There are 2 protein chains.
Amino acid sequence: MVVDSLGTTFAALSDPTRRAMIERLSRGPASVHALTEPFALSQQMISKHIAYLVRARIVIKAKRGRESICTLRPEAIKIVSDWAISYRQFWEESFDKLDVVVKQMKKAEVGDDKEHGE
Amino acid sequence: MVVDSLGTTFAALSDPTRRAMIERLSRGPASVHALTEPFALSQQMISKHIAYLVRARIVIKAKRGRESICTLRPEAIKIVSDWAISYRQFWEESFDKLDVVVKQMKKAEVGDDKEHGE
DNA sequence: ACTATCCACAACCATATGGTAGTGGATTCC
DNA sequence: GGAATCCACTACCATATGGTTGTGGATAGT
């Protein structure tokens with residue numbers, strides 16, 4: 001694996017448990033134990049999830065006695081925001097044009113078979 | 001796997017090839033062949049990557065003759081932006097506080113061993 | 001000192017993914 | 001019609017990940 005920092009960040013964010021942990025940590029630091037309780041997962045699994053967040057540099061872990069306190073790194077979230085915002089001009093100027101494109105594609109016999117079921 | 005729409009989106013974004021494809025598509029729709037050329041990957045692999053992007057609803061694929069034209073869905077990127085921006089208040093009010101927190105953690109004997117090597 | 005609590009480490013399993021190679025169906029060009 | 005192009009489908013492989021169970025080391029409470 002290359003040292004794809006942004007990729008590691010997105011991979012860490014792809015799991016709903018880890019995103020819920022991020023939301024929890026956005027309201028303040030918490031111990032591993034405190035993070036385990038609301039999620040109905042084993043302590044070992046929570047530790048694994050935290051390890052992914054730490055590896056992605058989204059969370060900082062620090063020992064305090066027998067506890068490990070997890071803290072959310074604000075910059076990590078900002079990196080994601082920056083990535084998305086770099087396409088802001090694209091999506092803003094596309095919202096009206098896309099309508100036309102979709103109509104064109106439907107005329108061209110869309111080969112998409114599976115329903116997405118929004 | 002639950003129908004974790006946002007998770008599927010983040011997973012799709014975790015690969016650098018797919019992010020490069022997104023950047024390419026942000027400059028306009030392209031056929032699978034056109035997407036294959038700049039990436040030095042097999043056509044089959046590009047098709048797989050496109051399939052992930054389509055599954056995440058980031059890209060729309062439409063057949064036009066023997067070609068498949070891929071179009072970037074602007075909303076998909078906006079969803080990511082919205083997620084990150086929902087933490088904007090957290091990171092903005094945390095940037096100064098984090099400095100204090102880090103100092104506290106260092107006092108508390110950080111158990112982190114491995115260097116991250118930024 | 002003894003025990004309970006907090007946490008990490010290891011082994012193990014099933015599945016998804018990045019990647020390869022081979023092949024075959026459509027469509028376009030000649 | 002025949003050949004070349006565009007693309008998808010399949011089988012296959014190695015690795016990463018989500019998850020389990022078991023265990024053991026530290027630290028805190030008594």
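Nothing here was measured: the structure is a model prediction, and the numbers come from that model. Reminder, nothing fancy here: chain letters follow the sequence lines and each chain counts from 1.
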Report the distance from atom [atom1] of [X] to atom [atom2] of [N], rounded to the nearest whole Å.
{"X": "B:Gln43", "N": "D:dA4", "atom1": "CD", "atom2": "C1'", "result": "15 Å"}
{"X": "B:His33", "N": "D:dT5", "atom1": "NE2", "atom2": "P", "result": "9 Å"}
{"X": "B:Ile50", "N": "C:dG18", "atom1": "CD1", "atom2": "P", "result": "13 Å"}
{"X": "A:Ile46", "N": "C:dC6", "atom1": "CD1", "atom2": "C1'", "result": "14 Å"}
{"X": "A:Leu53", "N": "C:dA8", "atom1": "CG", "atom2": "P", "result": "13 Å"}
{"X": "B:Glu67", "N": "D:dT5", "atom1": "CD", "atom2": "C1'", "result": "9 Å"}
{"X": "A:Met45", "N": "C:dA14", "atom1": "CE", "atom2": "P", "result": "16 Å"}

Heavy-atom distance under 4.5 Å between the side chains of [X] and [Y], does that happen here?
{"X": "A:Leu25", "Y": "A:Thr71", "result": "no"}
{"X": "A:Met21", "Y": "A:Ile50", "result": "yes"}
{"X": "A:Cys70", "Y": "A:Leu35", "result": "yes"}
{"X": "A:Ile69", "Y": "A:Glu67", "result": "yes"}

Sugar-phosphate, base or nothing in reach of B:Thr17, heavy atoms under 4.0 Å: nothing
Touch class at under 4.0 angstrom, heavy-atom based, for A:Ser31 against every strand present: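 Sugar-phosphate only.
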Salt bridge present between A:Asp82 and A:Lys78 (N-O < 4.0 angstrom):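 Looking at A:Asp82 and A:Lys78, the cut-off is met.
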Options C:dT20, D:dT20, C:dC7, nucleotide nearest the side-chain atoms of A:Lys48: D:dT20
Proximal nucleotide (of D:dT27, D:dC7, C:dT20) relative to the B:Leu41 side chain: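 Given the options D:dT27, D:dC7, C:dT20, the side chain of B:Leu41 is closest to C:dT20.
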Would you please confirm or rule out a distance under 4.0 Å between OP1 or OP2 of [N] and any side-chain N or O of [X]?
{"X": "A:His49", "N": "D:dT17", "answer": "no"}
{"X": "B:Ser47", "N": "D:dC7", "answer": "no"}
{"X": "B:Ser42", "N": "C:dT20", "answer": "yes"}
{"X": "B:Arg18", "N": "C:dT17", "answer": "no"}
{"X": "B:Arg64", "N": "C:dT28", "answer": "no"}
{"X": "A:Lys61", "N": "C:dA8", "answer": "yes"}

Donor/acceptor link under 3.5 angstrom from B:Gln44 side chain onto base of C:dG19: no
Along DNA chain C (nearest heavy atom to each residue), the more 5'-positioned of B:Ala11 and A:Thr36: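 Nearer the 5' end of the strand: A:Thr36.
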Given DNA chain D, 5'-ward residue of the pair A:Tyr52 and A:Arg66, judged by closest heavy atom: A:Tyr52
